[in-house]
Amino acid sequence: MVAGRAKLGIAQGVSVWVLEAPAGFGDSHVHAHHAIQITVSLSGALMLADATTTLCAPAIAVAADAPHRFEADGLLAFIFVEPESRAGRALDRMLFTDGPLTSIDAEALTPVVAPLAATFEAGLTAEDLLAAGRAAVELLAPAGPAPLPDPRVRRVIEEATVRMDGSLDAAAAAAGVYLSPSRLRHLFVEQTGLAFKTYQLWLRLVRAIEVYAQGKSLTEAAHAAGFSDSAHFSRTFKRTFGLPATTLERL
């Protein structure tokens with residue numbers, strides 16, 4: 001696997017990754033992650049495909065939890081949006097009416113994502129990346145009414161976000177919002193598309209990536225997010241994003 005330089009900005013609800021991908025970067029394995037993915041080619045080529053559709057375009061969006069694969073070279077910007085957020089729900093409603101994979105208007109996005117082309121040369125910060133990512137999301141889904149998940153599910157998500165050590169099981173989470181475990185499991189899947197344990201794993205993965213992006217080792221990142229070891233984190237990362245975490249050479 002060819003490695004590429006990367007800089008990451010991660011915040012609640014949105015993450016932005018800028019990757020300098022050499023020729024041959026990508027993975028033929030199908031993978032899926034619990035985030036809406038907006039991918040913009042700042043230079044070079046980009047291809048994304050699912051089971052029925054292959055798109056070659058400068059800007060492509062993938063729905064949350066949709067199996068897909070990609071191939072690319074050049075400079076890429078990935079914007080990941082949590083589907084439970086207000087922006088995520090608006091994007092889902094506006095972008096994926098015809099399927100989980102769609103090309104989007106790259107010309108419209110150019111004014112807000114163009115600064116990311118200077119990420120490595122100009123030493124852009126994580127906040128610079130996040131600002132561009134949020135502007136792109138706002139352009140695609142202008143602020144407006146978009147229903148958030150059930151308040152009980154939001155409370156469970158908030159609790160899970162601060163308890164990544166595995167101490168929060170479904171029974172404890174359900175008791176905290178005055179539901180039976182079976183009712184919470186049903187409601188959680190209905191509102192998020194994922195089982196509660198699977199969603200917890202997603203939160204831990206995002207936390208580990210955040211720590212790794214800050215310059216910590218894979219082992220330190222894994223332990224900070226409650227993974228048993230770096231191998232467990234690395235396997236989960238590859239299954240989720242289609243690439244080993246070690247392919248990302250951080251700056």
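As the structure is a prediction and not an experimental result, all values here were calculated from the model.
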With sequence neighbours left out, what residues match Ala114 under side-chain contact (heavy atoms from CB on, under 4.5 Å)?
-> Thr110

To the nearest 0.5 Å, how far apart are OG in Ser230 and CZ in Arg235?
-> 9.0 Å

Rounded to the nearest 0.5 Å, how far does CD1 of Ile38 lie from CD1 of Ile104?
-> 5.5 Å

Taking all non-hydrogen atoms of both residues, which atom of Asp128 and which atom of Leu124 are closest, and how far apart?
-> OD2-CA, 3.5 Å

Candidate pair Gln37 and Ile79, rule side chain to side chain contact (heavy atoms under 4.5 Å, CB included), full reasoning = CA-CA 6 Å; Gln37 175 182 314; Ile79 304 169; over 6 Å; no

Could you tell me whether a side-chain N or O of Ser43 sits under 3.5 Å from a main-chain N or O of Leu75, the two making a donor and an acceptor?
-> yes

Under the ring-ring contact (aromatic ring centres under 6.0 Å, His included) criterion, do His33 and His68 qualify, and how do the steps go?
-> CA-CA 9 Å; His33 43 69; His68 62 281; 5.1 Å; yes

Give, for atom CZ of Phe237 and atom CG of Leu218, the distance between the pair rounded to the nearest 0.5 Å.
-> 9.5 Å

Does any donor atom in the side chain of His34 or Asp65 lie under 3.5 Å from an acceptor atom in the other side chain?
-> yes

Look at the rings of Phe227 and Phe233 and say which category their plane angle falls in: under 30° parallel, 30 to 60° tilted, over 60° perpendicular.
-> tilted

Taking all atoms of both residues into account, what is the closest heavy-atom pair of Ile157 and Glu84, and its distance?
-> CD1-CG, 4.2 Å

Determine whether Ser15 and Leu8 make a side-chain contact, defined as any pair of heavy atoms from C-beta on separated by less than 4.5 Å.
-> no

side-chain contact (heavy atoms from CB on, under 4.5 Å) involving Ala11 - partner list, sequence neighbours excluded = Leu130, Arg134

Just how far is it from atom CD of Gln191 to atom CG of Leu184, taken to the nearest 0.5 Å?
-> 11.0 Å

Decide whether Glu127 and Thr125 meet the rule of one side-chain donor and one side-chain acceptor closer than 3.5 Å.
-> no

Beyond-backbone contact of Phe80 with Ile36, side-chain heavy atoms, under 4.5 angstrom | no

Salt bridge check: are Arg69 and Glu71 linked by an N-O gap of less than 4.0 Å?
-> yes

If every non-hydrogen atom of Ser103 is compared with every non-hydrogen atom of Leu55, which pair is closest and at what distance?
-> N-CD1, 3.6 Å

Selection residues 103-122 - residue pairs positive for salt bridge (Lys or Arg N to Asp or Glu O under 4.0 Å), sequence neighbours left out | none

Check step by step if side chain to side chain contact (heavy atoms under 4.5 Å, CB included) holds for Leu129 and Leu116.
-> CA-CA 7 Å; Leu129 270 60; Leu116 297 179; 4.0 Å; yes

Of all heavy-atom pairs linking Leu42 and Val113, the shortest is CD2-O, 3.8 Å

Electrostatic pair Glu210:Arg207 at N-O distance under 4.0 angstrom | yes

Asp229 and Thr219: side chain to side chain contact (heavy atoms under 4.5 Å, CB included), yes or no, with the steps?
-> CA-CA 6 Å; Asp229 52 35; Thr219 298; over 6 Å; no

For Asp50 and Pro67, work out which heavy atoms get closest and say how close.
-> CB-O, 3.4 Å

Minimum side-chain heavy-atom gap Trp17-Phe241 below 4.5 Å = yes

Is any side-chain heavy atom of Val62 less than 4.5 Å from a side-chain heavy atom of Phe70?
-> no

Any Phe120 side-chain heavy atom under 4.5 Å of Val18 side chain | yes

Indicate yes or no: does Glu159 engage Arg163 in a salt bridge with an N to O separation below 4.0 Å.
-> yes

Would a 4.5 Å heavy-atom cut-off, applied to side chains only, mark Gln200 and Leu168 as touching?
-> yes

Do the side-chain N and O atoms of Glu220 and Ser217 include a donor-acceptor pair separated by under 3.5 angstrom?
-> yes

Roughly how far, to the nearest 0.5 Å, is CZ of Arg204 from OG1 of Thr161?
-> 13.0 Å

If we only count heavy atoms from C-beta on, is the His232 to Thr236 side-chain gap below 4.5 Å?
-> yes

Minimum heavy-atom distance Leu101-Leu48, with the two atoms named | CD2-O, 3.7 Å

Audit row: Phe78, Leu19, side chain to side chain contact (heavy atoms under 4.5 Å, CB included) steps and yes/no = CA-CA 8 Å; Phe78 292 86; Leu19 276 67; 4.0 Å; yes

Gap between atom OG1 of Thr54 and atom CE of Met47 - 0.5 Å precision = 6.0 Å

Val189 vs Leu194 side-chain heavy atoms within contact, under 4.5 Å | no

